[in-house]
Amino acid sequence: MSQEHRSKSGFETRAIHAGYEPDPTTGAVIPPIYATSTYKQDGVGGLRGGYEYSRSANPTRTALEGALAAVEEGERGFAFASGLAAEDTLLRALCRPGDHAVIPDDAYGGTFRLFDKVAVPWGLNHSPAPVDDVDAVRAAIRPGETKLVWVETPTNPLLTIGDIEALAGVAHEAGALLVVDNTFASPYLQQPLTLGADVVVHSTTKYVGGHSDVVGGALVVRDHEVAEKVGFHQNAMGAVPGPFDAFLTHRGLKTLAVRMDRHCDNAERVADFLTSHPAVGEVIYPGFETHPGHEVAQRQMKRFGGMVSFRCTGGEDAALRVCERTEVFTLGESLGGVESLIEHPGRMTHASVAGTDLEVPADLVRLSVGIETVDDLIADLDQALG
Ligand code: P1T
């Protein structure tokens, strides 16, 4: 698909066709899994198509990276071995010891651990700020020192919404870049680069892969200079996915739009059901008009996503009991797969933020609502809540 044609196409067409032309030799419609570490050179430095070694580039990965750039409307996409590998590479590509970053006060526990336990000893400091409070983010910026404003929207696990356009303005005023972790929304629901963000981060393990069968990460960037730095570090640090993982992730991306619509349909129904249950306190879903970020979400997201969090009136014990009693919802970390998952963030995905500004409520349960029959999901929660 030509670059020109690609840029005019709709989301689904880009997700399915961008990044790859049927193989000129065989006509293979799908990118082959190039299980090769190296490439024959036609004389020293005579590379075929630029391929010399699979850490630097591999055709299966190239196809995925082209598709990721297209769906996020970015200049270039980069695939990594995991979401955290993507994040680590980005920090080292854009920051130096002595720099500072503003981070969300609600974020994936592993992201916080990377900032707090890996980046701090390396020399990168951070300050947490609520992503839905632009003034607080502005106040957390240290002029001259802050290189990145890093947000998740919706956040993990409290589903807080940050106004990407406004946050980009605040970051750019201070000479910093805005990084948006778009994992929870997925590129189908939200394209942060079109709203002024500089870099999009994904754990492609989640909605992009979509089938809970592969771990991966991605960065998509808007600007050539940032692309050069990230590309250099991707090769120099080497945290790349193998061709099998790139293949699975790319296969998942092609059906993202149809899966995501069903995730949203089901999440809306599940969230509505939970609000009427006596064992449930607050239900957190950006699709509710009462959610403080609803208007911003409506402006910047196509729909409100497949994640629902809720608090149990019976406290932590009740939350743990619900997690252990469901039968269709599987108790497990991660999200974004076709199957529904349930977890207790305080003890599981967010155990690493205990005792910090990012600590999550003990009575909180997080649902990744899958694409099963929605009546079965509701019946399962009903029996588990007792
Ligand atoms: O797990 P990995 O592919 O390395 O991605 C890390 C990551 C980054 N950003 C967000 C918003 C995430 O949710 C994650 C991973 N999160 C989980 C495993 C989880 O259950 O929340």
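None of the values given here were measured: they were computed from a predicted structure.
Remark: the Thr373 side chain and the Asp375 side chain contain no N/O donor-acceptor pair separated by less than 3.5 Å. With hydrogens and angles left out, the side-chain atoms of Glu72 and Asn182 include a donor and acceptor closer than 3.5 Å. With no hydrogens or angles considered, a side-chain donor-acceptor pair links Tyr188 and Asp261 at under 3.5 Å.
Closest approach of Ala63 to Pro31, counting heavy atoms only: CB-CG, 3.8 Å. Of all heavy-atom pairs between Cys264 and Gly305, the closest is SG-N, 3.5 Å. Closest approach of Leu124 and Ala101 over heavy atoms only: CD1-N, 4.3 Å. The heavy-atom pair separating Leu159 from Ser309 by the smallest distance is CD1-N, 3.8 Å. Considering every non-hydrogen atom in both Ser54 and Asn58, the closest pair reads OG-ND2, 3.1 Å.
Formation of a donor-acceptor pair under 3.5 Å by the Glu145 side chain with backbone atoms of Arg142 is not found in this model. Distance alone, capped at 3.5 Å, is enough to place a donor-acceptor pair between the Arg61 side chain and the Ser56 backbone. Formation of a donor-acceptor pair under 3.5 Å by the Glu52 side chain with backbone atoms of Leu47 is not found in this model. Checking side-chain atoms of Thr183 against main-chain N and O of Ser203 turns up a donor-acceptor pair under 3.5 Å. In terms of modelled atom types and a separation under 3.5 Å, the side chain of Thr155 and the main chain of Thr160 share a donor-acceptor contact. Under the 3.5 Å distance criterion, the side-chain polar atoms of Arg259 are matched with a main-chain donor or acceptor of Gly252. Checking side-chain atoms of Gln300 against main-chain N and O of Gly162 turns up a donor-acceptor pair under 3.5 Å. Judged by distance alone, with hydrogens and angles left aside, the side-chain atoms of Gln190 form a donor-acceptor pair with the main-chain N or O of Thr153 at under 3.5 Å. With Asp223 contributing its side chain and Val226 its backbone, the two residues share a donor-acceptor pair below 3.5 Å. With hydrogens and angles ignored, the 3.5 Å screen pairs no side-chain donor or acceptor of Ser368 with any backbone N or O of Ser340.
Counting only heavy atoms from C-beta outward, the side chains of Lys229 and Phe232 never approach each other to under 4.5 Å. Residues Leu320 and Arg347 meet the side-chain proximity criterion, which asks for heavy atoms closer than 4.5 Å. His350 is listed as a side-chain neighbour of Asn156, based on a closest heavy-atom distance under 4.5 Å. The shortest distance between side-chain heavy atoms of Thr275 and Val280 does not fall below 4.5 Å. When side chains are defined from C-beta on, Asp163 counts as touching Arg299, because their heavy atoms get closer than 4.5 Å. Within the 4.5 Å cutoff, the side chain of Leu377 has heavy atoms near those of the Phe329 side chain. Taking the side chain as every heavy atom from C-beta outward, Thr313 and Pro278 never approach each other to under 4.5 Å. Taking 4.5 Å as the limit, some side-chain heavy atom of Cys323 sits within range of a side-chain heavy atom of Val365.
Among residues at least two apart or in separate chains, side chain to side chain donor-acceptor pair (under 3.5 Å) pairs with a member in residues 327-339 are Ser212-Glu339. Among residues at least two apart or in separate chains, salt bridge (Lys or Arg N to Asp or Glu O under 4.0 Å) pairs with a member in residues 93-103 are Asp99-Lys147. Among residues at least two apart or in separate chains, salt bridge (Lys or Arg N to Asp or Glu O under 4.0 Å) pairs with a member in residues 192-220 are Asp198-Arg222. For residues 348-370, the pairs satisfying salt bridge (Lys or Arg N to Asp or Glu O under 4.0 Å) are Arg311-Asp363, Glu343-Arg366, with sequence neighbours left out. Residue pairs meeting the ring-ring contact (aromatic ring centres under 6.0 Å, His included) criterion with at least one partner in residues 248-270, sequence neighbours excluded, are Tyr207-His263.
Note on Glu173 versus Arg138: salt bridge recorded, some NZ/NE/NH1/NH2 to OD/OE distance being below 4.0 Å. Using a 4.0 Å cut-off between charged nitrogen and carboxylate oxygen, Arg325 and Asp380 do not count as a salt-bridge pair. Taking the charged nitrogens against the carboxylate oxygens, Arg92 and Asp88 do have a contact shorter than 4.0 Å, which makes a salt bridge.
Partners of Thr249 by side-chain contact (heavy atoms from CB on, under 4.5 Å), not counting sequence neighbours, listed by chain and number: Leu64, Thr204, Val208, Val214. Glu289 pairs by the side-chain contact (heavy atoms from CB on, under 4.5 Å) definition with His294, not counting sequence neighbours. With sequence neighbours excluded, no residue satisfies side chain to side chain donor-acceptor pair (under 3.5 Å) with Lys302. Residues meeting the side-chain contact (heavy atoms from CB on, under 4.5 Å) test with Asp23, sequence neighbours left out: Tyr20, Thr25, Thr26, Ala28, Tyr34. When the side-chain contact (heavy atoms from CB on, under 4.5 Å) test is applied to Asp382, the partners found at least two apart in sequence or on another chain are Phe273, His277.
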(request) Run the numbers on Thr356 and Val353 for side-chain contact (heavy atoms from CB on, under 4.5 Å), then give the verdict. (result) CA-CA 6 Å; Thr356 74; Val353 302; 3.6 Å; yes

(message) I'd like to know whether Leu90 forms a side-chain contact (heavy atoms from CB on, under 4.5 Å) with Leu94, so could you lay out the CA-CA distance, the side-chain angles of the two residues, the decisive distance to 0.1 Å, and finally the verdict.
(response) CA-CA 6 Å; Leu90 184 65; Leu94 300 184; 3.5 Å; yes

(request) Go through the steps to decide whether Leu219 and Val201 satisfy the test side-chain contact (heavy atoms from CB on, under 4.5 Å), and finish with yes or no. (result) CA-CA 5 Å; Leu219 300 174; Val201 175; 3.7 Å; yes

(request) Could you walk me through whether Tyr285 and Asp272 pass side chain to side chain donor-acceptor pair (under 3.5 Å), step by step? (result) CA-CA 9 Å; Tyr285 187 61; Asp272 279 342; over 6 Å; no

(request) Evaluate side-chain contact (heavy atoms from CB on, under 4.5 Å) for Leu178 paired with Leu148, printing each intermediate quantity in order. (result) CA-CA 6 Å; Leu178 178 68; Leu148 301 179; over 6 Å; no

(request) Verify side chain to side chain donor-acceptor pair (under 3.5 Å) between His100 and Ser127, making sure each step is shown before the conclusion. (result) CA-CA 8 Å; His100 173 259; Ser127 310; 2.7 Å; yes

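In this pair, Phe78 and Phe80 present their aromatic rings tilted. The plane angle is within the 30 to 60° band.
The cluster map of Ile, Leu, Val, Met, Phe, Trp and Tyr, joined by side-chain heavy atoms under 4.5 Å apart, puts Trp122 and Val118 in the same cluster. By the rule that hydrophobic residues join a cluster once side-chain heavy atoms approach within less than 4.5 Å of another member, Val180 and Val71 end up as members of separate clusters. Neither Met348 nor Phe184 shares a network with the other; the hydrophobic side chains, linked directly or stepwise wherever heavy atoms of I, L, V, M, F, W or Y lie under 4.5 Å apart, form separate groups for each. The cluster map of Ile, Leu, Val, Met, Phe, Trp and Tyr, joined by side-chain heavy atoms under 4.5 Å apart, puts Met301 and Leu335 in the same cluster. Val240 is not connected to Phe247 by any chain of hydrophobic side-chain contacts under 4.5 Å among Ile, Leu, Val, Met, Phe, Trp and Tyr, and they are in different clusters.
Around atom CZ of Arg262, no more than 12 heavy atoms belonging to other residues, nucleotides or ligands sit under 6.0 Å away. Residue Arg251 places its CZ atom among 12 or fewer non-hydrogen atoms of other residues, nucleotides or ligands, all under 6.0 Å distant.
Using a 4.5 Å cut-off between side-chain heavy atoms of Ile, Leu, Val, Met, Phe, Trp and Tyr, Tyr53 forms no hydrophobic cluster with any other residue. In this structure, Tyr39 belongs to a hydrophobic cluster whose other members, linked by side-chain heavy atoms under 4.5 Å apart, are Tyr51.
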